[in-house]
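The next block holds one structure in the form of structure tokens; read it before the comments.
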Amino acid sequence: MTRRRNLVHPLPEPLDQSFYNQSTLQLAQSLLGKLLLKETDEGIVAGFIVETEAYMGPEDRAAHSFNNKRTKRTAIMFGEPGYAYTYVMHTHCLFNVVSGSVDDPKAVLIRGVEPYLGQSVMEKRRPKARKLSQLTNGPGKLTKALGITMDDYGNKLDHPPLWIAPGRTVEDEQMNSGPRIGIDNSGEARDYPWRFWVDGNAFISK
DNA sequence: ACCGGGATGGGA
DNA sequence: CCCATCCCGGTG
């Protein structure tokens, strides 16, 4: 008897540590097109990253690590890049990729992904999504769809259950940038064009 | 202990 | 536009 399996062969290979050794603004753009994968007992779910935001740490009033603020929550950002920084926003878990070298607490927020694997599992987890685009077109939506939780805090992104693979190429001409979302109380930082997205993609948050 | 705010999402 | 809902961080 054959068994349905939510697996792809070969499994998308994780990006290695050298990928994360680039400046945060470059990383935020390089992450566009990369494949974000999460494995749970419901199978592997994955999506192409289509929208990101850079948070520039000590110099960025919108960043949780502004002025080098170090708390239990921000601690992971002070370590090596390539780790998961998750935190709770209202009722949602938001997912960031830690950037910057040790003691340079920067991060890239993932704001939108395009479903690639496990769409039916995502739909089950996001019953309120009325259209396909609503499944994963926001930072809180995509964590719910992918099954990313606070349990993923601090985990390195080069192995299951949560990892990032090369995915597909996004040309520079397809990339767009503009001010970040939801940081109106961050003074001049609110206008910095540190949000990046794939032009015309249906899974952009706004 | 208490209290206020927030990198959101969904519904009126 | 409003608000649910909740963890974290600052304060006392």
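Here is how names work: the chains are called A, B, and so on, in the same order as the sequence lines, proteins then strands, and each is numbered from 1. Quick note: numbers below take in every heavy atom, side chains included, and nothing from hydrogens, waters or symmetry partners.
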Residues clustering with Met150(A) (ILVMFWY side chains joined when closer than 4.5 Å, directly or via others): Tyr55(A), Ile76(A), Met77(A), Tyr83(A), Tyr85(A), Tyr87(A), Val88(A), Met89(A), Leu94(A), Val98(A), Leu109(A), Tyr153(A), Ile183(A)
Gap between atom CG of Leu35(A) and atom CG of Leu117(A) - 0.5 Å precision: 6.5 Å
Those residues of residues 138-149 of chain A lying under 4.0 Å from DNA chain B by at least one heavy atom: Gly138(A), Pro139(A), Gly140(A), Lys141(A)
What nitrogen or oxygen pairs link the protein and nucleotides 8-12 of chain C at under 3.5 Å?
unit_1 : atom_1 : unit_2   : atom_2 : d
dG9(C) : OP1    : Thr71(A) : OG1    : 2.3
dG9(C) : OP1    : Arg73(A) : N      : 3.0

Donor-acceptor pair, side chain of Trp163(A) and main chain of Pro12(A), under 3.5 angstrom: yes
Members of residues 123-132 of chain A that approach DNA chain B, where some heavy atom sits under 4.0 Å away: Arg126(A), Lys128(A)
Side-chain donor/acceptor of Glu114(A) to backbone N/O of Asn201(A), under 3.5 Å: no
Ile181(A) backbone acceptor or donor facing Glu53(A) side chain under 3.5 Å: yes
Lys106(A): partners by salt bridge (Lys or Arg N to Asp or Glu O under 4.0 Å), with sequence neighbours left out: Asp104(A)
Straight-line distance of Asp158(A) CG to Phe19(A) CZ, nearest 0.5 Å: 13.0 Å
Side-chain atoms of residues 137-144 of chain A: list all donor-acceptor pairs with protein atoms under 3.5 Å, sequence neighbours left out, distances to 0.1 Å.
unit_1    : atom_1 : unit_2    : atom_2 : d
Asn137(A) : OD1    : Lys141(A) : NZ     : 2.9
Thr143(A) : OG1    : Cys93(A)  : O      : 2.6
Thr143(A) : OG1    : Gly140(A) : O      : 3.0
Lys144(A) : NZ     : Arg125(A) : O      : 3.4

Within one Ile-Leu-Val-Met-Phe-Trp-Tyr cluster: Phe78(A) and Phe66(A), side-chain cutoff 4.5 Å: no
Covered region of DNA chain B, 5' end to 3' end, by chain A [heavy atoms, under 4.0 Å]: dG6(B) to dG11(B)
With sequence neighbours excluded, residues passing side-chain contact (heavy atoms from CB on, under 4.5 Å) with Asn176(A): Trp197(A), Asp199(A)
Nearest-nucleotide comparison on DNA chain B, the residue closer to the 5′ end among Gln134(A) and Tyr55(A): Tyr55(A)
Atom-to-atom span, OH of Tyr87(A) to C1' of dT5(C) - whole angstrom: 16 Å
Donor-acceptor contact below 3.5 Å, side chain Gln26(A) vs main chain Asn21(A): no
Expected output: side-chain Arg180(A) to main-chain Ala54(A) donor-acceptor under 3.5 Å: yes
Whether Asp60(A) side chain and Gly57(A) backbone form a donor-acceptor pair below 3.5 Å: no
Spatial distance of atom CZ (Arg61(A)) from atom CD (Glu188(A)) [nearest 0.5 Å]: 8.5 Å
Heavy-atom pair of closest approach, residues Thr40(A) and Lys38(A): CG2-CE, 3.7 Å
Range-with-range stems for DNA chain C, at least three Watson-Crick or G-U pairs under 3.5 Å: B:1-6 with C:6-11, B:8-11 with C:1-4
Contacting residues from residues 96-113 of chain A, given that a heavy atom lies under 4.0 angstrom of DNA chain B: Asn96(A), Leu109(A), Arg111(A)
Closest contact, heavy atoms only, Leu37(A) versus Ala165(A): CD1-CB, 3.8 Å
Contact residues, residues 187-206 of chain A to DNA chain C [heavy atom, < 4.0 Å]: none
Heavy-atom donor-acceptor pair, Gln174(A) side chain to Val170(A) backbone, under 3.5 Å: no
Heavy-atom closest contact (Pro58(A) atom, Asn68(A) atom, distance): CG-OD1, 3.4 Å
Residues which pass side-chain contact (heavy atoms from CB on, under 4.5 Å) with Thr52(A), listed by chain and number, not counting sequence neighbours: Ala28(A), Leu31(A), Leu32(A), Ile49(A), Val108(A), Ile110(A), Phe196(A)
Donor-acceptor contact below 3.5 Å, side chain Ser205(A) vs main chain Arg111(A): no
